[in-house]
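Heads up: the structure comes next, in structure tokens.
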Amino acid sequence: MYIYMERAFINISFLMLFSATLLNSINLFHEFDKPKRLSRSSMTIASLCTTEFLVIRWFQTKHLPVSNLYESSMFLSWSFSLLYIMLEVKNQNGLSGAIIAPSAMLTHVFATLALPEGMQQSTQLVPALQSHWSMTHVTTMLFSYATLLCGSLLAISSSSIYYGKTKNDRVFYSTHNSSKYSSLLQLDDLNQTDVRSFPHILVPNSKKCQLINRLDRWTYQFISLGFSLLTIGILSGAVWANEAWGSYRSWDPKETWALVTRLIHATYLHTKTINRGVGEGPAAAASIGFFLVWIRFLGVNLLGIGLHNYGWLI
């Protein structure tokens, strides 16, 4: 009975995520109220269905359903949908939804189609995982993955829009969004532009700059939140490791990649603190951080190395 209920919720969740991805793609090019409302409803239904799946699995196993790669991936997909709903509450631009909705759908597809059937079954926890630190450490780390990945994707999108502009567009953005660049707009910067046509490019430039500024602001907030969650996850994991293995740190591959990931995102935050504008440094750090998170989440599990190989594909 529980298996059929799980399958029903999983299938409905996938259909809703797929619909939300299509609707967000449409709304990305044409702002319509109806697709936006439908997308929000689809993501809400997907989030509720995934929640029901996790609750049923928790009721079955009597522990938090993050004991293998399948359950962790479903929890990560649920985290993406939750972040999407949070952004919609803030009435953000459709580009954010066009990034997060596919992330939730692709993670869901990976869990349900790429992983073998045996791994999708509920299992008992190994002794090392039977700890009260399990809920704190694992959930915090998965939430940090979701927020860091979203922040990195927003940073990549913001940089793509920024560096896809002309020179005059970038000068306009820098002038209107950072006091550090308030003296950049000089007559020489407009030597390629007819001064009489400047009012006609002012409005579209202003809209693009608002979009870049919004994405840049949310990137910083997402990565700041993800960085804090990652720090808490690492600290709680160290306490858990000492309880399970008698050492706070064993330089396990996953532990090492966690430190590298934290260092890269710390570099991003430090660079943004020094230079508040859009630049190559923060964009590069966010892009590297995106791949590091996936290496830590999937790479170690798929290779089956170290102490954190509970989700190893056999």
Side-chain angles (χ1 to χ4, degrees), residues 5-57 65-66 69-115 120 139 142-158 160-161 211 214-215 217-219 221-223 225-226 286 290 293-294 297-298:
M5 293 177 63
E6 285 184 3
R7 290 300 179 186
F9 284 124
I10 289 299
N11 292 333
I12 295 173
S13 178
F14 168 74
L15 291 176
M16 293 298 103
L17 291 173
F18 183 74
S19 300
T21 300
L22 290 180
L23 291 169
N24 276 281
S25 299
I26 295 173
N27 205 49
L28 183 63
F29 300 99
H30 302 283
E31 282 288 340
F32 297 122
D33 291 334
K34 189 173 182 180
K36 189 174 183 179
R37 291 196 301 269
L38 290 174
S39 175
R40 187 187 302 117
S41 300
S42 298
M43 289 299 292
T44 302
I45 295 173
S47 179
L48 291 175
C49 289
T50 309
T51 302
E52 291 296 330
F53 161 78
L54 294 174
V55 170
I56 292 173
R57 184 62 65 95
V66 288
L69 188 57
Y70 172 72
E71 295 175 349
S72 298
S73 298
M74 293 304 301
F75 192 93
L76 184 61
S77 177
W78 175 78
S79 301
F80 280 128
S81 62
L82 184 62
L83 291 175
Y84 179 95
I85 296 172
M86 291 171 58
L87 281 176
E88 285 298 316
V89 171
K90 295 292 184 178
N91 296 318
Q92 293 304 301
N93 187 274
L95 182 58
S96 302
I99 292 174
I100 300 178
S103 300
M105 186 194 69
L106 291 175
T107 307
H108 188 285
V109 169
F110 168 78
T112 55
L113 298 181
L115 296 177
Q120 299 182 22
T139 56
L142 289 174
F143 274 124
S144 73
Y145 293 161
T147 51
L148 290 174
L149 288 171
C150 288
S152 297
L153 288 173
L154 290 173
I156 294 171
S157 301
S158 176
S160 300
I161 297 173
L211 173 60
R214 186 183 297 113
L215 292 175
R217 183 175 67 253
W218 273 97
T219 296
Q221 294 178 356
F222 265 97
I223 293 183
L225 176 61
F290 175 81
V293 171
W294 282 117
F297 178 64
L298 290 180

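Just so you know, these numbers use all the heavy atoms, side chains as well, and skip hydrogens, waters and symmetry mates.
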Quiz prompt | Residue pairs fulfilling side-chain hydrogen bond (donor to acceptor under 3.5 Å, both in side chains) with at least one residue in residues 97-108, sequence neighbours excluded | solution = none
Quiz item: Taking all non-hydrogen atoms of both residues, which atom of Leu83 and which atom of Cys150 are closest, and how far apart?
Solution: CD1-SG, 3.8 Å
Quiz item: To the nearest 0.5 Å, what is the distance between CG (Leu54) and CD (Glu6)?
Solution: 9.5 Å
Quiz item: Considering only heavy atoms from C-beta outward, does the side chain of Ile100 approach that of Leu153 to under 4.5 Å?
Solution: no
Quiz item: Where is the tightest heavy-atom contact between Tyr70 and Ala111, given as atom of each residue plus distance?
Solution: CD1-O, 3.2 Å
Self-check item: Heavy-atom check, side chain of Phe110 versus side chain of Leu69, under 4.5 Å
Solution: yes
Quiz item: At their closest point, which heavy atom of Ser39 faces which heavy atom of Tyr84, and how far apart are they?
Solution: OG-OH, 2.6 Å
Exercise. Quick one: list whatever passes side chain to side chain contact (heavy atoms under 4.5 Å, CB included) with Val109, sequence neighbours left out.
Key: Phe14, Met105, Leu113
Quiz item: Which word best sums up how the rings of Phe75 and Trp78 line up, parallel for under 30°, tilted for 30 to 60°, or perpendicular for over 60°?
Solution: tilted
Quiz prompt | Nearest-0.5 Å distance, CG of residue Leu87 to CG of residue Leu154 | solution = 7.5 Å
Exercise. With rounding to the nearest 0.5 Å, note down the distance linking CE in Met16 to CD1 in Ile45.
Key: 5.5 Å
Practice problem: Applying ring pair (Phe, Tyr, Trp, His ring centres under 6.0 Å), name anything that partners Phe80, two or more places apart in sequence or on another chain. | Solution: none
Exercise. Mind checking side-chain hydrogen bond (donor to acceptor under 3.5 Å, both in side chains) for Thr44 and listing every partner two or more places apart, or none if nothing turns up?
Key: none
Quiz item: side chain to side chain contact (heavy atoms under 4.5 Å, CB included) with Ser72: which residues, sequence neighbours excluded?
Solution: Val66, Leu142, Phe297
Quiz prompt | CG on Leu15 to CD1 on Ile10, rounded to 0.5 Å | solution = 11.5 Å
Quiz item: Excluding sequence neighbours, so at least two apart, what forms side chain to side chain contact (heavy atoms under 4.5 Å, CB included) with Ser41?
Solution: none
Quiz prompt | Test log, rule side-chain contact (heavy atoms from CB on, under 4.5 Å), inputs Val293 and Ser152 | solution = CA-CA 10 Å; Val293 171; Ser152 297; over 6 Å; no
Quiz prompt | Set of ring pair (Phe, Tyr, Trp, His ring centres under 6.0 Å) partners for Phe9, sequence neighbours left out | solution = none
Self-check item: Between OG on residue Ser157 and CD1 on residue Ile99, distance to nearest 0.5 Å
Solution: 3.0 Å
Self-check item: Residues in side-chain hydrogen bond (donor to acceptor under 3.5 Å, both in side chains) contact with Ser13, at least two apart in sequence or another chain
Solution: Thr50
Quiz item: Got Ile223 and Leu148 here, is their nearest side-chain heavy-atom distance under 4.5 Å?
Solution: yes
Self-check item: Nearest heavy-atom neighbours spanning Cys49 and Ile12
Solution: SG-CG2, 3.5 Å
Quiz prompt | Interatomic spacing from CG in Leu48 to OG in Ser81 - rounded to 0.5 Å | solution = 8.5 Å
Quiz item: Going through the checks in order, is the side-chain contact (heavy atoms from CB on, under 4.5 Å) test met by Leu149 and Trp294?
Solution: CA-CA 9 Å; Leu149 288 171; Trp294 282 117; 3.4 Å; yes
Quiz item: Who passes side-chain hydrogen bond (donor to acceptor under 3.5 Å, both in side chains) against Gln120, sequence neighbours left out?
Solution: Arg7
Practice problem: Say whether, by atom type as modelled, one donor and one acceptor occur between the side chain of Ser47 and the main chain of Met43 under 3.5 angstrom. | Solution: no
Practice problem: Compare every heavy atom of Ser77 with every heavy atom of Ala104, then report the nearest pair and how far apart it is. | Solution: O-OG, 2.9 Å
Practice problem: State which residues pass side chain to side chain contact (heavy atoms under 4.5 Å, CB included) with Pro102; sequence neighbours excluded, sorted by chain then number. | Solution: Thr21
